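Let me begin by presenting the structure, written as structure tokens, before commenting on it.
On a predicted model such as this, the values are computed, not experimentally measured, just so you know. So you know, we letter chains A, B, ... as the sequences are listed, proteins then strands, and number each from 1.
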Protein chains: 2
Amino acid sequence: MKKLEDSLTLQLLRSRESAMQFFRPILQETGFTEQQWRVIRVLNDNKQMDAKQLAERCCILSPSLTRIISRFESEGLIIRNRSEHDQRITLLSLSDKASEIFKEVSPKIDQAYATLIGKLGEEKMQQLSRLLTEVTKLTP
Amino acid sequence: MKKLEDSLTLQLLRSRESAMQFFRPILQETGFTEQQWRVIRVLNDNKQMDAKQLAERCCILSPSLTRIISRFESEGLIIRNRSEHDQRITLLSLSDKASEIFKEVSPKIDQAYATLIGKLGEEKMQQLSRLLTEVTKLTP
DNA sequence: GCAAAGTACTTAATTTGTTAACTAATTAAT
DNA sequence: ATTAATTAGTTAACAAATTAAGTACTTTGC
């Protein structure tokens, strides 16, 4: 059997590391960690989500999310509500303050994104995005 | 400006998470963590490397690598040597014991890999690999 | 309708990652 | 030549990830 020159998971890790370098300086400025920003980003797109969904979409395990949420709540960035239908479920949404911060940072992120696309090329970017979506769908 | 449905870095993270699910059960058996296995895997491919190169290729920061190396050395899995030309550099290589372990685990990894390729398709796999290599090369 | 199983978090303990400061060795600059 | 700057690696302090166990609520099965 032919030996692969490199493992896919390692390639995914390295390429993510490269891609992150476009955004790290911006995150550094905001003071948010990568994980914290993922939470803000995903919550901004989905207005309201329960903690489990949010954890899945952010690739953050529940215990880590609990910590981030607790901190954000105490800082007035996130609003935590119990679902009426199911008292186990925590519904989460961004506060106006957090939405405001997102609006301020977002253009810088978009700009870095544009730089990245500029370097890789629009077409390759879309190709890559499609393939990654397929890989993500491989497991339930 | 058109809003992207999802960020590349998050897609890379999620797809890696999916891909990892094929290998996690095997790693669990061995008792190695993801990072530890990356060190063993990369060192097995490159016979001898200095710590900096190894850290870069494994996407592990030096302090974390120091810890892993120290532990592996005390367990007799890794051999640490000073470079003759430059006394700052630590040259690392797998012990016979570690090579043996790699040989035992490797077939299982290959098998999981084959399953993954089977699900995604050989061609898409190669396409993806090429694109990821390009992304990795975007930053120095 | 009530015990048993399942779900959605949360808490606690351990390991790992991250940042910054530090030591030792080498290279560069005047 | 000797100080200054750079590089490789380590150490220390803190934040985050991971695993396992725990709590509260809901659904299922008899």
Side-chain angles (χ1 to χ4, degrees), chain A residues 9-10 13-14 16-17 20-21 23-25 27-40 43 48-75 78-93 140, chain B residues 13-14 16-17 20-21 23-25 27-40 43 48-75 78-93 140:
Chain A
T9 51
L10 198 41
L13 192 61
R14 286 205 202 101
R16 178 166 193 276
E17 204 46 44
M20 275 310 301
Q21 284 189 240
F23 305 103
R24 284 247 165 75
L27 280 183
Q28 212 97 22
E29 270 184 52
T30 67
F32 292 117
T33 65
E34 273 187 48
Q35 295 82 347
Q36 290 173 340
W37 185 252
R38 289 212 295 277
V39 168
I40 292 176
L43 263 183
Q48 194 174 60
M49 299 179 86
D50 63 70
K52 200 194 175 191
Q53 281 180 298
L54 183 59
E56 271 172 21
R57 285 201 68 73
C58 293
C59 291
I60 294 176
L61 296 176
S62 328
S64 299
L65 188 58
T66 296
R67 189 158 12 101
I68 293 172
I69 295 298
S70 302
R71 183 164 177 182
F72 275 1
E73 196 184 24
S74 76
E75 288 171 348
I78 256 183
I79 297 158
R80 212 199 290 235
N81 278 314
R82 290 266 151 196
S83 162
E84 291 176 19
H85 312 297
D86 189 336
Q87 295 282 307
R88 293 169 303 181
I89 292 172
T90 310
L91 292 171
L92 301 165
S93 51
Chain B
L13 192 61
R14 285 205 202 101
R16 179 167 193 277
E17 203 46 44
M20 275 309 300
Q21 284 189 240
F23 305 104
R24 283 246 167 75
L27 280 184
Q28 212 95 25
E29 271 184 53
T30 67
F32 292 116
T33 64
E34 273 187 48
Q35 296 80 350
Q36 290 172 340
W37 185 252
R38 289 212 297 277
V39 168
I40 292 176
L43 263 182
Q48 194 175 59
M49 299 179 84
D50 63 71
K52 200 193 175 191
Q53 282 180 299
L54 183 59
E56 270 172 21
R57 284 201 68 74
C58 292
C59 290
I60 294 176
L61 296 176
S62 331
S64 300
L65 188 58
T66 296
R67 205 170 8 194
I68 293 172
I69 295 299
S70 303
R71 184 165 176 182
F72 275 2
E73 195 184 24
S74 77
E75 288 171 347
I78 256 183
I79 297 157
R80 213 197 290 234
N81 278 314
R82 291 265 151 197
S83 162
E84 292 176 19
H85 311 299
D86 188 336
Q87 295 282 310
R88 293 169 302 180
I89 292 173
T90 309
L91 292 171
L92 301 164
S93 51

Checklist entry - Is B:Arg14 paired with A:Glu56 through a side-chain N to carboxylate O contact shorter than 4.0 Å? => result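 No, no charged N to carboxylate O under 4.0 Å.
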
Check the distance between [N]'s [atom2] and [X]'s [atom1] and give it to me in whole angstrom.
X       : N      : atom1 : atom2 : result
B:Leu61 : D:dC14 : CG    : P     : 19 Å
A:Leu91 : C:dA8  : CG    : P     : 12 Å
A:Ile69 : C:dA8  : CD1   : P     : 16 Å
B:Lys52 : D:dT6  : NZ    : P     : 14 Å
A:Gln53 : C:dC9  : CD    : C1'   : 14 Å
B:Ile60 : D:dT10 : CD1   : P     : 14 Å
A:Phe72 : D:dA16 : CZ    : C1'   : 13 Å

For [X], answer base if it contacts any base atom (sugar-phosphate contacts may also be present), sugar-phosphate if it contacts only those atoms, and nothing otherwise; contact means non-hydrogen atoms under 4.0 Å.
X       : answer
A:Arg80 : sugar-phosphate
A:Glu34 : nothing
B:Thr33 : sugar-phosphate
A:Thr90 : sugar-phosphate
B:Ser64 : base

Next on the checklist: With nearest nucleotide decided by heavy atoms, which residue, A:Gln28 or A:Asp86, maps closer to the 5′ end of DNA chain C?
Outcome noted: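 It is A:Asp86, whose closest nucleotide lies nearer the 5' terminus.
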
Next on the checklist: Let me spell it out: for each of B:Gln87 and B:Ile68, pick the nucleotide of DNA chain C with the closest heavy atom. Which residue's pick is nearer the 5' end?
Outcome noted: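 Nearer the 5' end of the strand: B:Ile68.
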
Checklist entry - Which residue lies toward the 5' end of DNA chain D, B:Ile89 or A:Leu65, if each is placed at its nearest nucleotide? => result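 That would be B:Ile89.
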
Item to check | A:Gln35 vs D:dA17: side-chain N/O to OP1/OP2 distance below 4.0 Å | outcome: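 It does, given that an N or O in the side chain of A:Gln35 lies less than 4.0 Å from OP1 or OP2 of D:dA17.
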
Checklist entry - What about A:Arg67, does its side chain sit under 3.5 Å from the base of D:dA17 through a donor-acceptor pair? => result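 Side chain to base: pair present.
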
Item to check | Donor-acceptor pair present, B:Arg88 side chain and D:dT7 base, under 3.5 Å | outcome: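 Such a pair is found, so the answer is yes.
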
Checklist entry - Which of parallel (below 30°), tilted (30 to 60°) and perpendicular (above 60°) describes A:Phe72 and A:Phe32? => result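 Aromatic pair A:Phe72/A:Phe32 classed perpendicular.
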
Checklist entry - Can you tell me how far the CZ atom of A:Arg88 sits from the CG atom of A:Asp86, to the nearest 0.5 Å? => result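 Nearest 0.5 Å value for the CZ-CG distance: 4.0 Å.
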
